[in-house]
Amino acid sequence: MKSKRVVVAISGGIAAYKSPLLIRLLVKSGCEVKVVTTKNALQFVTETTLRSVSKNPVYSEMFHDNNADEIEHISIADWADVFVVAPATANIIGKYANGIADDVLSTTLLAFTKKVFFAPAMNSNMYHSPVVQENIKKLEQRGVTIISPVKGELACGYVGDGKMVEPQDIFEIIKTFLSPNNQILERKTFLVTAGATYEKIDAVRFIGNYSSGKMGYAIAQTLASYGAKVKLIVGHISVELDNNPNIEIIEGKTAEQMYNAAVKLFPCCDGAILSAAVADYTPCAVSDKKIKKADQSLTLTLNPTKDILASLGKIKTDKQRLVGFALETDNEIENAKKKLHNKNLDFIVLNSLSDKGAGFATPTNKITIIDKDESLLPFPLKTKKEVALDIVNHLISKL
Ligand code: CTP
């Protein structure tokens, strides 16, 4: 982190009292930090505190007498490698999403051309309001990384989403981004699978599962935010896909379609992370018409599908990295280790259905990464975006 230049921008929310901790962590790790605030932010945290922890002047005014020769919002923007807005209120999210620049924070942000992180913090009703969500989506589409707020007790007395992620976790995300390893991803292409495959039974029915595609999509977004090109094969998902120039979407609605797309694309990729919940069986015969109800029992005969991950494991070269998931209900570690070796993976991500908040269709996940040498790396319960970051960081360490 030595000689890295970070702007910590603070907007006016109660979580601003935590910003000095983030600044302190960045300074301690060797970064140079400049602090830019809105006027309202200084209602929650003093200029003296911010100046002391950052060891630099604090910029809260657009017009003042110091440095009359310098256009401050441009020189700060040019100076920094990374811009972190923590806390980010609904107001600054709205301003940046819509190009409004009416104070030193919003003008500096608009003049900044490199990587921006936003750590929103606000009342949960405000956070979930359609306009804030729309603005957040706009920012994500433009490459801003949103460090999504977590559930918790909010200053307004509500309990819900809107609590700013802890300074230590924001620091880890920035540290990862600034690590020289990340540049490796800029020249690489990865295959990612996400969502559920549906296997047709008749004209109106299928065999499927509850996978939402959230985990796989978060992985694709994380890879793309580090400049990697992603070929994302999606089955059935319940997450909205944004337009991201680094992510190419390919449909793989059935196990067979997903298999065909994956084996075709994998040879031109530097690696693959397969998170899709692929059906293990597909009906032998598919009726064109709706199967009519009858009094006697109905037997469906199913054929096994091809294991996509195992197939890629067979064609994988030494230069490629292959990562799979294991969703287990019992003998979790043992079963995951078997999958890791049988499918020739570099590491496997275990999520256990017995962990509360982990698995399908939840916004959170709790994983353990198991390496080829069977070493275990357990993580606490996190949002799927944070989990994606942990997985991508681990992948980087293998490149
Ligand atoms: N997988 C795959 N193709 C399949 C089945 C699974 O690519 N036909 C991949 C999944 O995307 C995941 C990994 O294999 O990365 C493990 O999937 P999981 O369902 O946990 O295990 P299975 O191998 O299907 O074994 P089982 O269902 O018996 O646990």
Side-chain angles (χ1 to χ4, degrees), residues 190-200 206-220 223 230-237 250-267 269 271-284 302-316 320-355 358-361 365-372 384 387-388 390-392 394-395 398:
F190 289 93
L191 178 75
V192 177
T193 65
T197 64
Y198 284 5
E199 308 304 316
K200 226 173 153 184
F206 59 85
I207 298 172
N209 59 68
Y210 296 118
S211 172
S212 61
K214 279 188 189 134
M215 192 65 251
Y217 187 45
I219 291 170
L223 287 166
V230 181
K231 294 185 183 298
L232 176 64
I233 309 178
V234 286
H236 293 265
I237 52 172
I250 300 117
E251 276 198 356
K253 301 275 187 203
T254 65
E256 194 184 357
Q257 274 174 12
M258 195 174 269
Y259 170 86
N260 288 337
V263 292
K264 185 172 158 210
L265 295 170
F266 185 58
C269 292
I273 303 181
L274 302 201
S275 74
V278 186
D280 288 331
Y281 293 93
T282 191
C284 288
L302 306 174
N303 275 335
T305 57
K306 288 184 188 140
D307 190 312
I308 305 168
L309 189 57
S311 307
L312 299 193
K314 283 188 187 131
I315 56 172
K316 180 180 102 139
Q320 290 175 305
R321 297 290 169 266
L322 187 58
V323 180
F325 273 73
L327 183 66
E328 305 292 342
T329 48
D330 40 29
N331 288 334
E332 294 148 355
I333 304 275
E334 281 324 301
N335 285 337
K337 281 181 186 169
K338 267 188 211 148
K339 284 177 192 170
L340 168 77
H341 297 305
N342 292 345
K343 301 192 190 196
N344 189 24
L345 309 181
D346 291 279
F347 64 90
I348 194 157
V349 181
L350 164 68
N351 41 19
S352 146
L353 272 186
S354 52
D355 281 321
F360 283 170
N365 207 357
K366 187 166 180 296
I367 61 158
T368 299
I369 290 182
I370 310 178
D371 265 326
K372 243 185 187 166
K384 285 190 172 165
V387 172
D390 291 333
I391 295 169
V392 170
H394 201 72
L395 174 70
K398 304 284 163 202

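Start at 1 and go down the list; that is how both ligands and their atoms are numbered.
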In the complex you have, is atom 17 (O) of ligand 1 within reach of the protein, judged by whether a heavy-atom distance drops under 4.0 Å? yes

Enumerated ligand 1 atoms positioned under 4.0 Å from heavy atoms of D280: 5 (C), 24 (O), 27 (O)

Given that the side chain starts at C-beta and the backbone is N, CA, C, O, which of these parts of K339 lies under 4.0 Å from ligand 1, counting heavy atoms, or is it both or neither? side chain

Tell me, which protein residue and heavy-atom name are nearest atom 15 (O) of ligand 1, and how many Å apart are they? L274 O, 2.7 Å

So, regarding I308 and ligand 1 (criterion: nitrogen or oxygen to nitrogen or oxygen, under 3.5 Å), is there a contact or not? yes

Which of the ligand 1 atoms, numbered from 1, are nearer than 4.0 Å to a heavy atom of L327: 20 (O)

For atom 4 (C) of ligand 1, closest protein heavy-atom neighbour: V278 CB, 3.5 Å

Do T193 and V278 come close enough that some side-chain heavy atom pair is under 4.5 Å? no

Heavy-atom proximity to atom 10 (C) of ligand 1, picking from A276, S211, G216, points to A276

Would you mind reporting whether T305 and T197 have side-chain heavy atoms less than 4.5 Å apart? no

Residue pair D307 / Y259, side-chain heavy-atom distance below 4.5 Å: no

Mind checking whether G324 has an N or O less than 3.5 Å away from an N or O of ligand 1? no

Is K343 in polar range of ligand 1, meaning some N or O pair under 3.5 Å apart? yes

Identify which of T282, I273, D307 has a heavy atom lying nearest to atom 1 (N) of ligand 1. D307

For the pair E199 (side chain) and A255 (backbone), establish whether a donor and an acceptor sit closer than 3.5 Å, ignoring hydrogens and angles. yes

Measure up the H394 and F347 rings against each other and bin them: parallel (under 30°), tilted (30 to 60°), perpendicular (over 60°). perpendicular

Find all atoms of ligand 1 within a distance of less than 4.0 Å from any non-hydrogen atom belonging to A326, and give their numbers and elements. 20 (O)

Backbone of L322 reached by a side-chain donor or acceptor of D346 within 3.5 Å: yes

Between S212 and I237, is there a donor-acceptor pair closer than 3.5 Å when you use the side chain of the first and the backbone of the second? no

Give me the nearest non-hydrogen protein atom to atom 7 (O) of ligand 1 as residue plus atom name, then the distance to 0.1 Å. L309 N, 2.9 Å

Does any part of the side chain of L350, heavy atoms only, come nearer than 4.5 Å to the side chain of I333, both counted from C-beta? yes

Is atom 24 (O) of ligand 1 touching the protein, meaning some protein heavy atom lies under 4.0 Å away? yes

For ligand 1, which atoms, with element, lie under 4.0 Å from some heavy atom of T305? 8 (N)

Side-chain heavy-atom pair E256, T282 within 4.5 angstrom cut-off: no

Heavy atom of the protein closest to atom 8 (N) of ligand 1 (residue, atom name, distance): K306 O, 3.1 Å

Donor-acceptor contact below 3.5 Å, side chain T254 vs main chain Y198: no

Among protein heavy atoms, which lies nearest atom 13 (C) of ligand 1, and at what distance? F325 O, 3.0 Å

Quick check: does S275 get an N/O under 3.5 Å from an N/O on ligand 1? no

Closer than 3.5 angstrom, by distance alone: can the side chain of N342 be matched with the main-chain N or O of A310 as a donor-acceptor pair? no

